[in-house]
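For reference, the structure discussed in these notes is given below.
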Amino acid sequence: MANLANLVNMDLSDCTNKIIAEYIWVGGTGMDVRSKARTLSGPVDDPNKLPKWNFDGSSTGQATGDDSEVILRPQAIFRDPFRKGKNILVMCDCYAPNGEPIPSNKRYGAAKIFNHPDVKAEEPWFGIEQEYTLLQKDTNWPLGWPLGGYPGPQGPYYCAAGADKTYGRDIVDAHYKACLYAGINISGINGEVMPGQWEFQVGPSVGVSAGDEIWVARYILERITEIAGVVVSFDPKPIPGDWNGAGAHTNYSTKSMRSEGGYEVIKKAIKKLGMRHREHIAAYGDGNERRLTGRHETADINTFNWGVANRGASVRVGRDTEKQGKGYFEDRRPASNMDPYVVTGLIAETTILWEPAHSNGVVAP
């Protein structure tokens, strides 16, 4: 007799050419990933060949009840690690029936920036370090922490091994492999400073694909924690007090930065970022003021500075970049709940397209 697991894992390839496409989009809060599935007549590997679809936007905070239809446009395809076979995950963005992007569609604006000829010529690469916290489902308290209490002080937990220091590794490894299966350019994982907190890295990814990959990786993580009965939090400061927050450090380079003489290009780009510090902070995630305090490997939210190998700076340049005279830098300001479309688009716009009306100095390393 078939049990539920057998039915869930059933291979349909020997009885039909049809596949299941899971359409994914970002909901009205800007952090909720939504999805629904449809049957297609056969395999598809080009998002332009996928049909548009729609959903009830009044149920996701993206439309009113008297005009609730929101249109999904497929933008990127990934292999489905849950259904496997030729089934797919489809990252979509959202439009009104008249074809205009709805306000919560942040991909549209990012794509416009990345399609600008000057930006395309620079081939912007992004590597995003997505931190997150695993919480016990019924208490919303970090995984592995004593109920209503606290573990020992930070120090032993970062990149650690052992049942008294590491919590949730099975979830993290499952997510790692699922992302590789999906075709996401996930480049690594590690345990973070606060117990119950982890990080995965995506990249290098070019242009708007960085946002697509982070959103689908977040979706896969939500699905895996759903299976495990654990809650994933992207709050930038899930536990107040003497505990590290959660960020989404964004590593960035352009073709000019990766070429000979690139260090000078990097320094000019960082100066521009400093001149637009407030605008970037406003776009770098909600609740970030609780994280960017000048403590716990952060710079104060009200100041901008940069330095070589300085994890307490707003922007960090690596020793190898300094030594080689070219490479990349790391914007350490984005919060774990940032929208990757917004952050990557804004960094590219500021460093490549934006020209200041006048020059302001920033704190030098």
Side-chain angles (χ1 to χ4, degrees), residues 24 26-35 60-61 104 128-151 154 157-160 165-176 178-179 184 186 189-202 211 213-250 283-293 295-298 301 332-343:
I24 302 167
V26 182
T29 70
M31 269 306 293
D32 53 326
V33 278
R34 309 280 183 139
S35 75
T60 63
S104 61
I128 298 175
E129 305 171 31
Q130 176 67 71
E131 295 179 345
Y132 60 93
T133 308
L134 296 175
L135 305 177
Q136 301 169 53
K137 182 181 176 182
D138 296 328
T139 63
N140 278 335
W141 201 237
L143 200 65
W145 288 36
L147 188 60
Y150 296 86
Q154 294 181 156
Y157 310 106
Y158 174 70
C159 295
K165 297 180 286 293
T166 303
Y167 314 107
R169 190 185 296 276
D170 53 347
I171 294 170
V172 174
D173 276 351
H175 177 253
Y176 195 176
C179 285
I184 293 168
I186 186 169
I189 59 168
N190 60 267
E192 267 305 327
V193 177
M194 191 182 85
Q197 200 169 72
W198 293 84
E199 172 184 301
F200 66 88
Q201 304 95 35
V202 167
E213 293 189 10
I214 283 289
W215 274 117
V216 175
R218 285 174 173 176
Y219 172 81
I220 291 172
L221 183 57
E222 293 274 14
R223 289 282 304 274
I224 290 173
T225 52
E226 171 191 324
I227 293 167
V230 170
V231 174
V232 58
S233 170
F234 295 103
D235 190 287
K237 188 72 173 180
I239 304 295
D242 196 18
W243 304 96
N244 271 38
H249 303 154
T250 302
Y284 274 12
D286 293 333
N288 212 8
E289 72 283 352
R290 294 182 282 116
R291 168 180 162 262
L292 296 181
T293 62
R295 301 183 61 213
H296 305 109
E297 300 179 304
T298 70
I301 195 169
R332 297 180 59 81
R333 296 172 294 172
S336 51
N337 61 1
M338 61 84 164
D339 188 317
Y341 295 134
V342 173
V343 169

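In this chain, numbering begins with 1 at the start of the sequence shown.
In this structure, W198 has its ring center no closer than 6.0 Å to that of Y157.
Side-chain atoms of P142 and Q197, non-hydrogen and from C-beta on, never get closer than 4.5 Å to each other. Taking 4.5 Å as the limit, every side-chain heavy atom of W215 sits out of range of all side-chain heavy atoms of I24. The shortest side-chain heavy-atom distance between T250 and M338 falls under the 4.5 Å cut-off. A 4.5 Å side-chain heavy-atom check between P340 and R218 finds at least one atom pair inside the cut-off. Two residues are said to be in side-chain contact when any heavy atoms from C-beta on lie closer than 4.5 Å; H296 and V193 fail this criterion. Q136 has its side chain out of reach of Y167: every pair of non-hydrogen atoms, C-beta onward, lies at least 4.5 Å apart.
The two residues A248 and A335 come nearest to each other via the heavy atoms CB-O, 3.3 Å. The shortest heavy-atom contact between G27 and S104 is O-CB, 4.3 Å. The two residues A217 and I184 make their nearest non-hydrogen contact at N-CD1, 3.7 Å.
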One pair to check against side chain to side chain contact (heavy atoms under 4.5 Å, CB included): D235 and T133. What are the steps and the verdict?
CA-CA 8 Å; D235 190 287; T133 308; over 6 Å; no
Give the C-alpha distance, both sets of side-chain angles, the deciding distance and a yes or no for side chain to side chain contact (heavy atoms under 4.5 Å, CB included) between Y158 and N190.
CA-CA 8 Å; Y158 174 70; N190 60 267; 3.9 Å; yes
Please lay out, stage by stage, how L292 and R332 fare under the test side chain to side chain contact (heavy atoms under 4.5 Å, CB included).
CA-CA 10 Å; L292 296 181; R332 297 180 59 81; over 6 Å; no
Might you work through the side chain to side chain contact (heavy atoms under 4.5 Å, CB included) test for T225 and K137, ending with a clear yes or no?
CA-CA 10 Å; T225 52; K137 182 181 176 182; over 6 Å; no
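Aromatic ring pairs are classed by plane angle as parallel below 30°, tilted from 30° to 60° and perpendicular above 60°; the pair W145 and W243 is tilted. Ring-plane geometry between F200 and Y132 is classed as tilted, the angle between the planes lying from 30 to 60 degrees on a 0 to 90 degree scale.
One finds the CD1 atom of I171 at 8.5 Å from the CD1 atom of I224 (value rounded to the nearest 0.5 Å). Rounded to the nearest 0.5 angstrom, Q201 CD and I128 CD1 are separated by 11.5 Å. Summarising the geometry, atom CG belonging to D339 is positioned 11.0 Å from atom CD1 belonging to I214; distances are rounded to the nearest 0.5 Å. Taking CD1 from I186 and OH from Y176, the interatomic distance works out to 6.5 Å, rounded to the nearest 0.5 Å. The CD1 atom of I239 sits 8.5 Å away from the OG atom of S233 when rounded to the nearest 0.5 Å. Once rounded to the nearest 0.5 Å, the distance linking CG of N337 with CD of Q130 reads 9.0 Å.
Although no hydrogens or angles enter the test, the distance criterion places a donor-acceptor pair under 3.5 Å between the side chain of D32 and the main chain of T29. With hydrogens and angles disregarded, no donor-acceptor distance shorter than 3.5 Å links the side chain of H249 to the backbone of E131. Judged by distance alone, the side chain of R290 and the main-chain N or O of K237 form a donor-acceptor pair under 3.5 Å.
Residues that satisfy the ring pair (Phe, Tyr, Trp, His ring centres under 6.0 Å) test with Y284, not counting sequence neighbours, are H280.
There is a side-chain donor-acceptor pair under 3.5 Å between N244 and Q154.
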